[in-house]
Amino acid sequence: MIKGYIQGRVSVFIDASNIYHSQKRLGWRIDFRKLLDYLKKETDLREIYYYTARDLSSVAQTKFLNFLEMIGYKVRSKKVKFIKDKNKEKEGFHKGNLDVELTMDILETKEKYDTLMLLSGDSDFGPLLQLMKMKYRKRCLVIATKHSISIELIKCAKYIDLKKLKLQIQKDKE
């Protein structure tokens, strides 16, 4: 299914935050070993990156990220920051954006791939994909859910709805 959208060597860039929210909406989780195996089988996979904010106190997250690295993912992470709400003393939110790191890796590794596969629906990546297509002649494929894909990405890349890959990449019920 994915073969019709790619060409040549493939590198994959996963925006963990975006995919996490997509999984919640879909009601099923991705098995990242199955995803890797599927991509190795269906593409000439060169590299696969995973970008996430890191909670250093989470043993489960540390185990998961170590597992990803062990099976071949290149994990990029940074510590989650707590942003206080100026108006409320004890309230705020956690933030950990890795869009810049993802962008840098796409640009710095561009000689290693012909097709750039992005697992994210974030509109912020629209100008980057346009640049990769127009200036560097890269094929761009976005995998996201129909509820999380931005119109900017649909306009500048091929698009596959994540739920179409469910049979190949869904995590078994625990």
Side-chain angles (χ1 to χ4, degrees), residues 1-23 25-26 28-54 61 64-78 96-133 135-146 148-150 152-154 156-171:
M1 182 245 230
I2 210 166
K3 286 182 180 179
Y5 295 91
I6 59 163
Q7 192 170 19
R9 304 163 301 161
V10 175
S11 285
V12 179
F13 303 87
I14 302 169
D15 175 357
S17 177
N18 195 276
I19 294 303
Y20 170 79
H21 292 290
S22 294
Q23 290 178 101
R25 177 166 262 171
L26 289 170
W28 55 270
R29 294 178 49 205
I30 294 171
D31 181 320
F32 285 92
R33 182 187 297 274
K34 284 183 181 180
L35 174 64
L36 181 62
D37 291 345
Y38 174 73
L39 293 170
K40 284 181 176 178
K41 188 178 101 186
E42 296 293 318
T43 73
D44 180 6
L45 183 65
R46 296 306 168 106
E47 295 179 309
I48 185 165
Y49 293 86
Y50 185 88
Y51 301 85
T52 189
R54 190 163 201 161
Q61 185 188 37
F64 173 68
L65 297 178
N66 289 342
F67 165 75
L68 289 182
E69 287 179 328
M70 186 185 76
I71 64 173
Y73 285 75
K74 293 184 179 192
V75 174
R76 303 285 195 251
S77 65
K78 70 168 112 170
N97 190 320
L98 281 93
D99 290 0
V100 170
E101 291 82 352
L102 189 151
T103 298
M104 288 170 58
D105 282 339
I106 284 175
L107 290 167
E108 289 180 354
T109 64
K110 68 184 176 298
E111 301 306 319
K112 295 182 179 183
Y113 61 86
D114 305 298
T115 298
L116 178 171
M117 188 180 302
L118 176 66
L119 273 73
S120 178
D122 190 334
S123 64
D124 290 345
F125 295 119
L128 174 63
L129 295 186
Q130 286 284 31
L131 174 72
M132 299 313 293
K133 273 178 57 178
K135 183 172 183 179
Y136 300 111
R137 301 287 179 227
K138 303 297 179 184
R139 182 168 286 220
C140 297
L141 172 62
V142 173
I143 299 176
T145 62
K146 68 179 181 179
S148 71
I149 184 82
S150 67
E152 291 86 354
L153 293 185
I154 290 174
C156 67
K158 299 290 183 187
Y159 161 64
I160 294 177
D161 191 331
L162 182 62
K163 74 179 182 181
K164 290 185 178 179
L165 301 178
K166 182 178 180 179
L167 291 177
Q168 290 86 1
I169 67 171
Q170 179 180 16
K171 189 174 190 81

field: Residue that, paired with Y51, satisfies side-chain hydrogen bond (donor to acceptor under 3.5 Å, both in side chains) out of D105, N97, D99
entry: D105
Which donor-acceptor pairs under 3.5 Å do side chains of residues 6-15 form with protein atoms, sequence neighbours excluded?
{"residue": "Q7", "atom": "OE1", "partner": "R139", "partner atom": "NE", "Å": "3.4"}
{"residue": "Q7", "atom": "OE1", "partner": "R139", "partner atom": "NH2", "Å": "3.2"}
{"residue": "R9", "atom": "NE", "partner": "D114", "partner atom": "OD2", "Å": "3.0"}
{"residue": "R9", "atom": "NH1", "partner": "E111", "partner atom": "O", "Å": "2.9"}
{"residue": "R9", "atom": "NH2", "partner": "E111", "partner atom": "O", "Å": "3.4"}
{"residue": "R9", "atom": "NH2", "partner": "D114", "partner atom": "OD1", "Å": "3.1"}
{"residue": "D15", "atom": "OD1", "partner": "S17", "partner atom": "N", "Å": "3.4"}
{"residue": "D15", "atom": "OD1", "partner": "N18", "partner atom": "N", "Å": "3.4"}
{"residue": "D15", "atom": "OD2", "partner": "S120", "partner atom": "OG", "Å": "3.0"}

- prompt: Would you call F125 and V142 a side-chain contact if the rule is heavy atoms closer than 4.5 Å?
  reply: no
query: Under a 4.5 Å cut-off applied to non-hydrogen side-chain atoms, are L68 and I48 in contact?
result: no
For [X] versus [Y], what's the shortest heavy-atom pair and its separation?
{"X": "T43", "Y": "L39", "result": "OG1-O, 2.6 Å"}
{"X": "K138", "Y": "K110", "result": "NZ-O, 2.6 Å"}
{"X": "S150", "Y": "S123", "result": "OG-CA, 3.2 Å"}
{"X": "E42", "Y": "K3", "result": "OE1-CE, 3.2 Å"}

field: Heavy atoms of other groups near Y20 OH, more than 12 under 6.0 Å
entry: no
- request: Sort and list the pairs that fulfil salt bridge (charged side-chain N to carboxylate O under 4.0 Å, His left out) and have at least one residue in residues 115-131, not counting sequence neighbours.
  value: none
task: Sequence neighbours left out, what pairs pass salt bridge (charged side-chain N to carboxylate O under 4.0 Å, His left out) with at least one residue falling in residues 157-170?
output: none
With rounding to the nearest 0.5 Å, note down the distance linking [atom1] in [X] to [atom2] in [Y].
{"X": "L141", "Y": "T115", "atom1": "CG", "atom2": "OG1", "result": "8.0 Å"}
{"X": "H21", "Y": "L26", "atom1": "NE2", "atom2": "CG", "result": "13.0 Å"}
{"X": "L35", "Y": "L165", "atom1": "CG", "atom2": "CG", "result": "8.0 Å"}
{"X": "L162", "Y": "I143", "atom1": "CG", "atom2": "CD1", "result": "7.5 Å"}

Report the residues that fulfil side chain to side chain donor-acceptor pair (under 3.5 Å) with [X], sequence neighbours left out, ordered by chain and then residue number.
{"X": "K112", "value": "E47"}
{"X": "S148", "value": "S22, T145"}
{"X": "Y113", "value": "none"}

Does any N or O in the side chain of [X] come within less than 3.5 Å of the main-chain N or O of [Y], such that one atom is a donor and the other an acceptor?
{"X": "K133", "Y": "C140", "value": "no"}
{"X": "Y73", "Y": "F67", "value": "no"}
{"X": "Q23", "Y": "I30", "value": "yes"}

- line: Sorted by chain and number, sequence neighbours left out, salt bridge (Lys or Arg N to Asp or Glu O under 4.0 Å) with E69 holds for none
field: For R46, salt bridge (Lys or Arg N to Asp or Glu O under 4.0 Å) partners two or more places apart
entry: D44
message: Taking side chain to side chain donor-acceptor pair (under 3.5 Å) as the cut-off, I'd like each qualifying pair that reaches into residues 31-40, sequence neighbours left out, listed once.
response: K34-D172
- request: Can you sort out the partners of Y50 under ring-ring contact (aromatic ring centres under 6.0 Å, His included), two or more places apart, ordered by chain and number?
  value: F32, F64
statement: Residues passing the side-chain contact (heavy atoms from CB on, under 4.5 Å) test with L131, sequence neighbours excluded, are L107, K135, Y136
- prompt: Excluding sequence neighbours, so at least two apart, what forms side-chain contact (heavy atoms from CB on, under 4.5 Å) with Q61?
  reply: T52, R54, D55, S58, L65
Option passing salt bridge (charged side-chain N to carboxylate O under 4.0 Å, His left out) with E101 (candidates K78, R76, K74): K78
